[in-house]
Every structure is written in structure tokens, then in C-alpha cells.
There are 2 protein chains.
Amino acid sequence: MTVESVPTAPRMKAADRRELILEAATAVFGAKTYVGTTTDEVARAAGVSQPYVVRLFGTKEKLFIEVIDRAYDRLIEEFRAVLPGDPEDLGRRMGTAYTDLLVERGMLPVVANSTALGGEPEIGRVARAGFSRIWRFIRDEAGFSPEQAREFIATGMLINTIVGLRLTGDYGDEVSATEVLDACFPDAVEKVRSLLPAAGEPW
Amino acid sequence: MTVESVPTAPRMKAADRRELILEAATAVFGAKTYVGTTTDEVARAAGVSQPYVVRLFGTKEKLFIEVIDRAYDRLIEEFRAVLPGDPEDLGRRMGTAYTDLLVERGMLPVVANSTALGGEPEIGRVARAGFSRIWRFIRDEAGFSPEQAREFIATGMLINTIVGLRLTGDYGDEVSATEVLDACFPDAVEKVRSLLPAAGEPW
DNA sequence: GTCTATATGCGGATAGAC
DNA sequence: GTCTATCCGCATATAGAC
């Protein structure tokens, strides 16, 4: 009986492997923040070895930069998809597109996290650029007024907060999630709740 | 000539020293996030040794928890201070109270950072509790309607984002800070800009 | 294309002196 | 009340085999 070789990742084109790792990285970075994430966790989530992650992306920072860049792109892609239709209703459709992205693990949290990292030279640059793209899209393509744009983005940031705080249940004397969510997004309560992990749970 | 003793922190009552360290910690945590901050940086910012910080607060996590708890308290204190006066104008006064807190280094960023850490068992608990206090204050003491409350908090989160992104200048092809700030808070532009560090600058 | 082994540096925390 | 010395664990990154 020969010694079985340790299960190793199946060979695959580097481009596909990159894609796979980027998805895993989005989920992990989203759950644990940029600094809180180790390249090893990303590697395990993607089913490859830690050095290979570094090998493919150079550094953890470069990996994160690709992740947030992709996330901002994805966001715009989803917004653009709901452009056709009644302009009166566009804000609502875009809001739905935003919360729908909760199913793509890490996508929203990663964007949220990036907005806290403006102080990092490289990451900050990319984060500001991503935010700019969103802003321009909303103004130019969606045709929002400054006031509408401000309102829309502010609401998105509030959703990020609810997600980040894991405001999904009732925590004793703390404010009830239902109360905040009800006040904020009466029609999205169930969706948001069902897509959030419980507090303390991994995502 | 006797050998000079290494400059050492002057003796001081532990309570005062705690306070001093908490202020330094707020600034550092605010600038570099919870995970990104080392207890050594906090110590140096406070002018004491690293082990002493740990000695006084037990762990880095406990220190951070005290920091955000204090920050949420401070926030409410400032809001409460502007309660008296024309109710029509209360929202604006509270908004001003919020942005005025930018002068207290780290205060706002630390609160923002805490909202991303709901996944951490201990920190998440405290962060949700802090957010709850704010929410209840706005509803019960300030008497905001659910819609007003939602609007007010969402705007606060947007301000946090602008601060976190360091959206303070013109970055080439990126969106101009003036454009976003103008659209968001026409009357606070100068204050916010003047209180933010430039991108890449320490805070 | 992917792994194992490993160097290296850093951060949190402890022990104990003054 | 505060410091110095230091241990230990962990995370990133490199070298090099298969």
C-alpha cells in the first residue's frame, strides 16, 4: 500500500485560481477586516496553501486592493443593471440591488471596510477611486440630484453599519434590531435579517 | 557627572494616568483601527511604557472597549448639551455637535470603527450597546420620528465615511472632495476640511 | 501550478525590579 | 506607579522541490 499523497489543489489555470481566491478573500476580508485577516485564512478558505496566495498576488495588501476594486466594480454593475425602467422608482431599485448583494459574501462589508482605510497610502487611493466611481455613476448615469445622491449614499452607509454591527436580533437591553430595521427599511427587514449572521457567528 | 536616569513618566495617580492613556488610545485607535493599532503605539502616544498600558487595562481588547464606551458617552453628552432651544432647529444643532467632535482626535473614527466589529463577541456587544444608547437618545430625548432618526444617523454614517476615506482634497481623477462635501453639507465644508488630515498623513 | 519548509520580524503579555 | 527584560506565538514572505 503506497503512501497516499496529501490532497492537493487540483491543477487549474492561474486565472481561474485567482478568481477563486478572490472570492474566498472577499468573504474572509469582509468578515474579519483587512488587518484582522491572515493570508492563511484566505488560503484555507480557497483550499490552497498560504504561500501560494502570496505568490499569486504579491502581497496581502495587493490582494486586498484587487478585492475592493472588484467589489466596487460589482456594485456599479448591479446598479447599472436596474437602470432601465421607471425613473421615479430608480432609487428603490438601486437600494434593492444594494441589499441583494448581501448574498455575495463579503462584498458589502469589504466596501465598508475600505472606507475606513483612507489613511493607508495605497489602499486609500483605491478606496477613494472606488467611491468616486460610485458617486459619478449615481450623478451621471443614474441622474440623481446632489441631494438624492447624498441621501442614497448615506442610506447605504447606514446599511453597512447595521451589517457591521450585526444588528440582527434582540440582545437583551440593547436596541432591538427589528426596531432599527423597521424604522430604516420597512420593506427590507426580512431579507436583511435572513442574510446576516447572528452576532458572534462567523460569516 | 552622574549618569542621567532615562526620562520616565512622572508619578501620577492611576486614575489620571488612565484618563491620559484613554485619550491617547482614542487618537491612535481612531487613526489606525482596532486591529491595526499596537499597544506600543498607544503607550508611546501617552508617554508611558507598553507593558504599563497592558498592566493598567488588562488587555488591548479591554482598553479598546473602554475607549469606544467613552466615545459613545461623549457623543450623547454633546447631543444633550444642544437639546435646549428651538425644536425645529434641533437636527441642525446636533449635526453641528457631531462634526464639532472632529476636534477630539479619534472620537468619531473610533465610533465608526466599532460599527464594523459586530462580529467580535466582546467588542460587538459594547458597540451595539453604544449604538443603542444613541438610538434611544435620538428617539426618546430628542423626540425624533423614526424617519428623522433614520435620516440623522444615516447622515452621521456618511460623515464617518468621508472622514475615513480622507476625502479632503483633490486626487487627480478621483472625485473632488469639494464636490461631495458641497453636495452633502454645504455649510460644513470648511470646518470638516480643516479638521481632516491630508490623505496619507497621520492624524 | 502548487506545495513544504522555514526565516524573520513583530506584537501582546508576563515577571519582576525599583 | 512605572519601568526593563523577555518569552512566546503568529503572520508574512522567501526558497526551492515536485
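Protein chains get the first letters and strands the later ones, always in sequence-line order, with residue 1 at the start of each. Worth knowing before you read on, the calculation uses all heavy atoms, side chains too, and leaves out hydrogens, waters and symmetry mates.
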Picking from [options], which would you name as closest to the side chain of [X]?
X	options	value
A:R55	C:dA15, D:dG16, C:dG16	D:dG16
A:M12	D:dA13, C:dT2, C:dA13	C:dT2
A:A14	C:dG1, C:dG16, C:dC3	C:dG1
B:T39	C:dG12, D:dT12, C:dA15	C:dG12
B:P51	C:dG12, D:dC3, C:dT14	C:dT14
A:K60	D:dT12, C:dA15, C:dT2	D:dT12
A:Q50	C:dG1, D:dG1, D:dA13	D:dA13
B:Y52	D:dT2, D:dA13, C:dG1	D:dT2

Fill in the blank from the handout: Closest to the 5' end of DNA chain D, once A:T38 and B:G47 are matched to their nearest nucleotides, is B:G47
Fill in the blank from the handout: 5'-most contact on DNA chain D (nearest-nucleotide basis), A:T37 vs B:V48, goes to B:V48
Completion exercise
Heavy-atom nearest nucleotide on DNA chain C taken for A:R11 and for B:D40; more 5' hit belongs to A:R11
Length of the [atom1]-[atom2] vector between [X] and [N], whole Å:
X	N	atom1	atom2	result
A:L56	D:dT14	CG	C1'	15 Å
A:Y34	D:dT12	OH	C1'	11 Å
A:K62	D:dT12	NZ	P	15 Å
A:L63	D:dA13	CG	P	10 Å
A:F57	D:dA13	CZ	P	13 Å
A:I21	C:dG1	CD1	C1'	11 Å

Exercise for the section: Find out whether A:N160 and A:M157 are in side-chain contact, i.e. whether some heavy atom of one side chain is under 4.5 Å from a heavy atom of the other. Expected result: yes
Practice task
For the pair A:E122 and A:R125, find out whether any cationic side-chain nitrogen is under 4.0 Å from an anionic carboxylate oxygen.
Solution key: yes
Exercise for the section: Ignoring hydrogens and angles, tell me if any N or O in the side chain of B:R128 forms a donor-acceptor pair with the backbone of A:L165 under 3.5 Å. Expected result: yes
Practice task
Report yes if a side-chain nitrogen or oxygen of A:R17 is closer than 4.0 Å to either non-bridging phosphate oxygen (OP1 or OP2) of C:dT2; otherwise report no.
Solution key: yes
Exercise for the section: Would you check if there is a donor-acceptor pair between the side chains of B:Y34 and A:T33 at a distance under 3.5 Å? Expected result: no
Problem - Side chains of A:S114 and A:Y72, donor plus acceptor under 3.5 Å - result: yes
Practice task
Would you classify A:S49 as touching base, sugar-phosphate or nothing, given that sugar-phosphate means primed atoms plus P, OP1 and OP2, and contacts are heavy atoms under 4.0 Å?
Solution key: base
